[in-house]
J.: 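First the structure, which I've put down as structure tokens, then a few questions once you've had a look.
Just follow the structure's listing: the first ligand is 1, and inside any ligand the first atom is 1. All values below were derived from every heavy atom in this structure, side-chain atoms included, with hydrogens, water molecules and symmetry-related copies excluded.
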Amino acid sequence: MAAIETTHGALAMDATKVHDHWSSRLGFIIAAVGSAVGLGNIWKFPYMVGQSGGAAFVLVYLGCIALIGLPIIIAEWLIGRRGQKNPVNTMAELAKKNGRGRGWMLVGAGGTLAAFLILSFYSVIGGWALSYLAEAGAGSFSGIGKDAAAALFSGLLASPARLLAWHSVFMLLTVGVVAMGVSGGLERATKLLMPALGVILLGMVGYGMTTGSFGAAVDYLFTPDWSKLDSTVVLAALGHAFFTLSLGMGVMIAYGSYLGQDINLVRAAGTVAVADTTIALCAGLAIFPIVFANGLDPASGPGLVFVTLPLAFGKIAGGLVLGVLFFALLIFAALTSSISLLEPVVELLEERTPMGRVASTVVAGVATWALGVAALLSFNAWSEVLIFGQNIFDLLDKLTSKFLLPACGLGAIVFVAWFLDREGVRQDLGLGRAGFSVWNVLARYVAPAGVIAVFWHSL
Ligand code: PHE
């Protein structure tokens, strides 16, 4: 018990199981970057830039990351580190200690629910990436035309069996990693996958430079066309800032719960935000040169990666290798995020039921997988099944991104900024007077106002 007390403090006394920890500061940062960098960066960010007028969107997005994303990620880690438990118990205990109502527990519960719901359809998209890796390796893109590329993607969506198979493989990989624990699974996997992702991405940016269209891609990403900026674009940028930093879903609270006092949360948040943004921009610099060099449409939306790129890979020399590398990159990004989405649910089960790590992971994984099956059927057999006018896949996406994430992110930042002891928070953040004043303005007013704006718009 003595050993446990020194690392976990008095909180460990009532926990029957020993709470895992990140093995090092670097391990935590890499795992957090792995969570942040996902399909959102490689798949969604480039197509959103494409649809929203290029650099104007990018600049607004950067502002949202700095002014709203950063304070919230810090708040979530702070909560998690203080609680050293799953998001639900953590919020309940912190609220109690600070003389606040039990209702704050909902921030943890809503976030954990959001993680569960998001993973169910995130894993379906991860399955698409696996399927496309197989297609790329089999040479299916070679010489492919526009219609055939579109048909390849719609063919996948129309096939419950193939979607199911790939979704299952993706969930199996996710469960396999998470079952091995925080330091032995999540941290170890991200330490392997993130460097590989970085190398492939840089290689692809290097390839982009040889296409003759790199300049066009740079212009596209960095020369703003302000006429395209309207409230929809601003709100899309804000919503994406939330999603890409993995906020409002218990993930960062859970990751914070495995932290010790030795890490500077502000600096770590800066590192994660910069890395996440850099990787999203690099994804743009990898994808758009290929798109432009082949005379393709940068604004093709969600199909950018699954239709437009295969078309390009089919045309260019070395397209097979490039295609395999690209979809491997997409899978690595997706996996290091999916494991983080499963973690809050597993942590909750592990701490609140008699089940151990492995059983908790399997139960959480099977439940997520089952919901994912409903999500994947909405592309084919169940496409007519509408709830509130939405198919199941879209409903899961909308319910989380438009409702649960902003609500829980807002709850986290408001709780830390307004309801925790100020001096304690200042010390937790390791900030001096000036720094703390900046924090206060951002955390108390700017970030909540931004989130409320998104909320308002989406309702
Ligand atoms: N941040 C990840 C991405 O950009 C998605 C994600 C969301 C991961 C929530 C974990 C939690 O794709």
J.: Taking only residues two or more places apart in sequence or in another chain, which ones pass side-chain contact (heavy atoms from CB on, under 4.5 Å) with V233?
T.: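 Per chain and number, V233 pairs via side-chain contact (heavy atoms from CB on, under 4.5 Å) with S52, F57, L229, D230.
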
J.: Would you please say whether a donor-acceptor pair under 3.5 Å links the side chains of N89 and R352?
T.: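 Present: a donor and an acceptor within the cut-off.
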
J.: Between ligand 1 and the protein, tabulate every N or O atom pair separated by less than 3.5 Å, reporting distance only.
T.:
residue  : atom   : partner : partner atom : Å
ligand 1 : 1 (N)  : S35     : O            : 3.2
ligand 1 : 1 (N)  : A36     : O            : 3.0
ligand 1 : 1 (N)  : F243    : O            : 3.0
ligand 1 : 1 (N)  : T244    : O            : 3.1
ligand 1 : 1 (N)  : S246    : OG           : 3.1
ligand 1 : 4 (O)  : A36     : O            : 3.1
ligand 1 : 4 (O)  : G40     : N            : 3.4
ligand 1 : 4 (O)  : N41     : OD1          : 3.2
ligand 1 : 12 (O) : L39     : N            : 3.1
ligand 1 : 12 (O) : G40     : N            : 2.7
ligand 1 : 12 (O) : Y122    : OH           : 2.8

J.: Tell me every residue that passes side-chain contact (heavy atoms from CB on, under 4.5 Å) with Y445, counting only those two or more places apart in sequence or in another chain.
T.: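 Once residues adjacent in sequence are excluded, the partners of Y445 under the side-chain contact (heavy atoms from CB on, under 4.5 Å) criterion are W418.
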
J.: More than 12 foreign heavy atoms under 6.0 Å from CZ of R444: is that the case here?
T.: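 Above 12, so yes.
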
J.: So, the side chain of S338 versus the backbone of L335: is there a donor-acceptor pair under 3.5 Å, distance only?
T.: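 Here the side-chain-to-backbone pair exists.
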
J.: Under the rule for salt bridge (charged side-chain N to carboxylate O under 4.0 Å, His left out), what residues qualify as partners of K191, not counting sequence neighbours?
T.: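 For K191, the residues satisfying salt bridge (charged side-chain N to carboxylate O under 4.0 Å, His left out) (neighbours in sequence not counted) are E187.
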
